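This report concerns only the one structure given below.
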Amino acid sequence: MPGDRRVRVAVVISGRGSNMAALIGAARDPACPYVVALVVSDLPDAQGLATAAAADVRTRIVARRKDRAAFEGELDSVLRSHDIELVALAGFMRVLTPDFVRRWEGRMLNIHPSLLPKYKGLDTHARVIAAGDTEAGCSVHVVTAELDDGPVLAQARVAVLPGDTAEALAERVRVEEHRLYPAALAAYARTLR
Ligand code: GRF
């Protein structure tokens, strides 16, 4: 039935893939409006690749290289050859060029471990603690050409506790990431079908 079909998602990772696993897990519910049709990693030894394969999700490696145009050209053709409609970046550690972002405009989301617009870039938790903030969190946003800058779709907050380390805070934020990303991706996918 039109309106009931599942949007084909590719999750793009570079590492552990715990958010990817949460996205795959949520899609096991037949009512989920998206299906994870593909997982792509730019690193061949990304832990998430084994997790995806164990969950019977197709995986592809698009190897990181100096020639960004070649890398992004291959990534784009892999996504298109799998009829991907929506891309979910999840711990993908490369900055994409404006040209690639334009090709997937409105069709690419990212999860960032801060309450955007605060703390774009890396080492967010250490910076939250150094600044003496009392709350931290994570954001799901639409990817635009500026790093960590696109429209925020959803956020979750956690308290910063006295004596928190960056690792402890990251761990608590990650629990929220695993709830937030599947929900935000599902809501976004519903708008596309
Ligand atoms: C997460 O903290 C995510 O917010 C950030 O990179 C990390 C990826 O972790 N973009 P994982 O690979 O999903 O476990």
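Numbering of ligands and ligand atoms starts at 1, following listing order. It should be emphasised that the depicted structure is a prediction, and the values quoted were computed from it without experimental measurement. Heads up: numbering here begins at 1 and tracks the sequence.
For the side-chain contact (heavy atoms from CB on, under 4.5 Å) with Ser139, the lone residue among Glu177, Lys120, Gln155 that qualifies is Gln155. With Thr97 as the fixed residue, the side-chain hydrogen bond (donor to acceptor under 3.5 Å, both in side chains) test singles out one of Glu72, Arg68, Arg103, Arg102: Glu72.
From the protein, the heavy atom lying nearest to atom 3 (C) of ligand 1 is Glu177 OE1, 3.2 Å. Considering only non-hydrogen protein atoms, atom 9 (O) of ligand 1 sits nearest to Arg16 NH2, 3.7 Å.
Rounded to the nearest 0.5 Å, atoms CZ (Arg64) and CG (Leu43) are 4.0 Å apart.
Close N/O approach between Ile111 and ligand 1 is found [any backbone or side-chain N/O within under 3.5 Å].
Atoms of ligand 1 lying under 4.0 Å from any heavy atom of Gly17, numbered from 1 in the order shown and given with element: 11 (P), 12 (O), 13 (O), 14 (O).
The residue from Ser139, Ser18, Gly91, Ala170 that puts a heavy atom closest to atom 11 (P) of ligand 1 is Ser18.
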Report the C-alpha separation of Glu171 and Arg174 in whole Å, then their side-chain angles, then the decisive distance to 0.1 Å, and conclude whether the salt bridge (charged side-chain N to carboxylate O under 4.0 Å, His left out) test is met. CA-CA 5 Å; Glu171 209 47 59; Arg174 204 169 296 119; 3.2 Å; yes
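Residue Glu146 places its CD atom among 12 or fewer non-hydrogen atoms of other residues, nucleotides or ligands, all under 6.0 Å distant.
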